[in-house]
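Along the sequence shown, the residues carry numbers beginning at 1.
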Amino acid sequence: MKLVHLSDLHIGKRVNEVSMIDDQAYILTQILHRIDEVAPDAVLISGDVYDKSVPPAEAVTLLDDFLCRLAKRELQVFLIAGNHDSAERLAFGNRLMEQTGIHISPVYDGTVQSYALQDEHGTVNFYLLPFVKPAHVRRYFPERGIESYTDAIRVAVENMQVDESCRNVLLTHQFVTGATTCESEEISVGGTDNVDAAVFAPFDYVALGHLHGPQNVGSNRIRYCGTPLKYSFSEAEHYKSLTVVELGEKGEVRLETLPLQPRHDMRQIRGTFAQLTDQTFYGSTVTDDYLHVVLTDEEDVPEAMGRLRIIYPNMMKLSYDNTRTRKNQRIDGAADVKSKTPLELFEELYEKQNNQPMSDVQRAYTQELMESIWEGSV
């Protein structure tokens with residue numbers, strides 16, 4: 001049986017205040033083309049379909065269009081809610097959509113919706129477990145002493161009564177211990193939301209959502225497919241792809257990744273302002289990629305963002321990497337201020353903040369400014 005694994009679409013997301021809706025429409029169309037090439041039996045969408053629990057109208061419209069286009073392909077589609085989704089809103093109309101092969105997990109109520117498909121090797125059972133916290137599961141199993149996320153998922157899995165003689169697939173949206181994170185994800189402080197991979201023992205494939213970097217956890221049996229688009233500059237080096245899963249006989253799992261090409265890539269460029277605005281640097285390769293520009297000038301460049309956007313129209317972020325920003329020196333508040341002049345104190349502050357002394361010109365200007373203030377002329 002052939003499956004396509006998707007997750008973390010985050011439809012409606014804004015990155016650095018830039019709407020990604022057009023980029024998402026572009027990549028969803030590309031995904032549909034890939035699905036046509038692969039001809040899977042089912043598509044798995046493992047949560048964070050929307051970026052917000054109350055998504056904007058344009059996001060709802062885009063998901064509606066995507067699901068309708070999937071339904072026309074007469075596929076079985078299994079979809080769960082992630083931590084960014086409202087499980088109640090996402091499941092609206094689920095019973096009607098099931099008639100077209102679109103199956104959306106309901107709100108967790110102590111039970112997990114399951115479906116069975118057949119192929120030449122027998123039955124494959126699909127279990128749809130939306131994002132849950134310990135409190136969600138504890139509500140239905142108060143006697144189990146659920147304290148951690150691992151406890152919660154273990155109890156939820158135990159109550160699925162999985163038939164391990166069959167092949168079983170779980171869709172879930174959690175942070176599994178040992179996986180690699182990036183800055184665009186919401187992870188609890190101290191790893192309190194970690195789930196031990198051992199709780200997934202009854203399943204032949206676990207289609208995970210939540211983490212944005214594609215990766216296996218322990219083996220190819222437990223996998224994050226990652227986001228189809230880059231949603232932060234920490235993902236600039238990610239290889240975005242579609243995960244294709246092929247289940248053979250019991251215990252046989254094969255994975256393939258198919259590359260996805262975004263409408264706009266997301267990457268970082270660096271150099272001095274003069275270098276990045278020099279014709280010989282950008283030449284005929286002016287890009288419409290989303291950029292994080294890192295300036296290495298020692299002094300801030302006035303209106304750098306606006307001036308650089310003339311050349312790089314989709315520049316999203318500007319930062320500096322220089323002597324001042326590279327080191328964070330601690331300012332000692334215990335210095336003997338009474339024995340030093342105001343100019344000497346200001347010079348010390350400047351040097352600690354910028355990791356370099358004031359120039360003669362700066363020192364003279366500061367002295368003049370201080371005298372003017374004290375004389376009341378400013």
Side-chain angles (χ1 to χ4, degrees), residues 5-28 30-31 45-56 58-59 62-63 81-85 131 173-176 178-191 193-194 208-217 223-243 257 259-271 276 287-296 304-305 308-309 312-321 325-326:
H5 176 192
L6 299 169
S7 76
D8 296 88
L9 306 180
H10 285 281
I11 299 175
K13 187 174 183 65
R14 300 180 70 86
V15 178
N16 292 294
E17 299 308 314
V18 175
S19 171
M20 301 297 288
I21 199 74
D22 291 338
D23 298 80
Q24 291 168 332
Y26 179 91
I27 207 69
L28 289 177
Q30 189 176 138
I31 287 170
I45 306 177
S46 299
D48 280 358
V49 179
Y50 291 125
D51 189 56
K52 296 184 181 299
S53 59
V54 183
E58 59 185 5
L62 181 55
L63 178 61
N83 59 301
H84 280 251
D85 300 308
F131 174 76
H173 190 94
Q174 304 288 162
F175 175 42
V176 179
T180 303
T181 65
C182 62
E183 69 179 24
S184 55
E185 301 146 359
E186 293 183 2
I187 306 297
S188 296
V189 175
D193 55 353
N194 285 15
L208 291 168
H210 195 29
L211 300 188
H212 292 187
Q215 58 193 290
N216 296 337
V217 183
R223 179 168 174 80
Y224 289 100
C225 62
T227 56
L229 289 173
K230 299 174 184 180
Y231 287 135
S232 80
F233 288 101
S234 67
E235 301 176 42
E237 302 302 320
H238 283 190
Y239 169 81
K240 298 301 183 181
S241 59
L242 198 68
T243 294
T257 57
L260 294 173
Q261 299 299 325
R263 180 168 170 254
H264 302 291
D265 198 4
M266 185 174 287
R267 58 192 180 89
Q268 182 186 101
I269 60 173
R270 59 186 293 121
L276 298 183
T287 178
D288 63 355
D289 288 346
Y290 294 127
L291 297 178
H292 173 198
V293 175
V294 180
L295 290 179
T296 57
M305 193 81 156
L308 285 167
R309 275 185 171 154
Y312 308 106
N314 286 330
M315 174 181 167
M316 279 186 168
K317 184 178 179 181
L318 173 67
S319 61
Y320 284 85
D321 181 14
T325 63
R326 205 170 295 130

field: His84 vs Ser53, side chain to side chain donor-acceptor pair (under 3.5 Å): CA-CA, chis, key distance, verdict
entry: CA-CA 6 Å; His84 280 251; Ser53 59; over 6 Å; no
Step-by-step salt bridge (Lys or Arg N to Asp or Glu O under 4.0 Å) determination, Glu235 to Lys240: CA-CA 9 Å; Glu235 301 176 42; Lys240 298 301 183 181; 2.9 Å; yes
- request: Carefully, step by step, assess Asp23 and Tyr290 under the rule side chain to side chain donor-acceptor pair (under 3.5 Å).
  value: CA-CA 11 Å; Asp23 298 80; Tyr290 294 127; 2.8 Å; yes
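Side-chain contact between Thr296 and Tyr320: absent, with no pair of heavy atoms (C-beta onward) separated by less than 4.5 Å. Considering only heavy atoms from C-beta on, Leu242 stays 4.5 Å or farther from Thr257 through its side chain. Contact of the Gln24 side chain with the Lys13 side chain is registered, since non-hydrogen atoms from C-beta on lie closer than 4.5 Å. At least one side-chain heavy atom of Asp265 sits under 4.5 Å from a side-chain heavy atom of Lys230. Side-chain atoms of Val176 and Tyr224, non-hydrogen and from C-beta on, do get closer than 4.5 Å to each other.
Checked by atom type and distance alone, the side chain of Asp289 never pairs as donor or acceptor with a backbone atom of His264 at under 3.5 Å. When atom types are taken as modelled, the side chain of Gln30 and the backbone of Leu28 share no donor-acceptor pair closer than 3.5 angstrom. Judged purely by atom type and a 3.5 angstrom limit, His212 has no side-chain atom pairing as donor or acceptor with the backbone of Asp8.
Thr243 and Arg223 are linked by a side-chain donor-acceptor pair at a separation below 3.5 angstrom, with hydrogens and angles left out of the test. Side-chain contact annotation: Thr227 with His10, donor-acceptor N/O pair under 3.5 Å absent.
Counting non-hydrogen atoms of other residues, nucleotides and ligands closer than 6.0 Å to CD of Glu237 gives a total of 12 or fewer.
Here the shortest heavy-atom pairing between Ser46 and His5 reads OG-NE2, 3.5 Å.
Relative orientation of the Phe131 and His173 rings is perpendicular, given thresholds of 30° and 60° on the angle between their planes.
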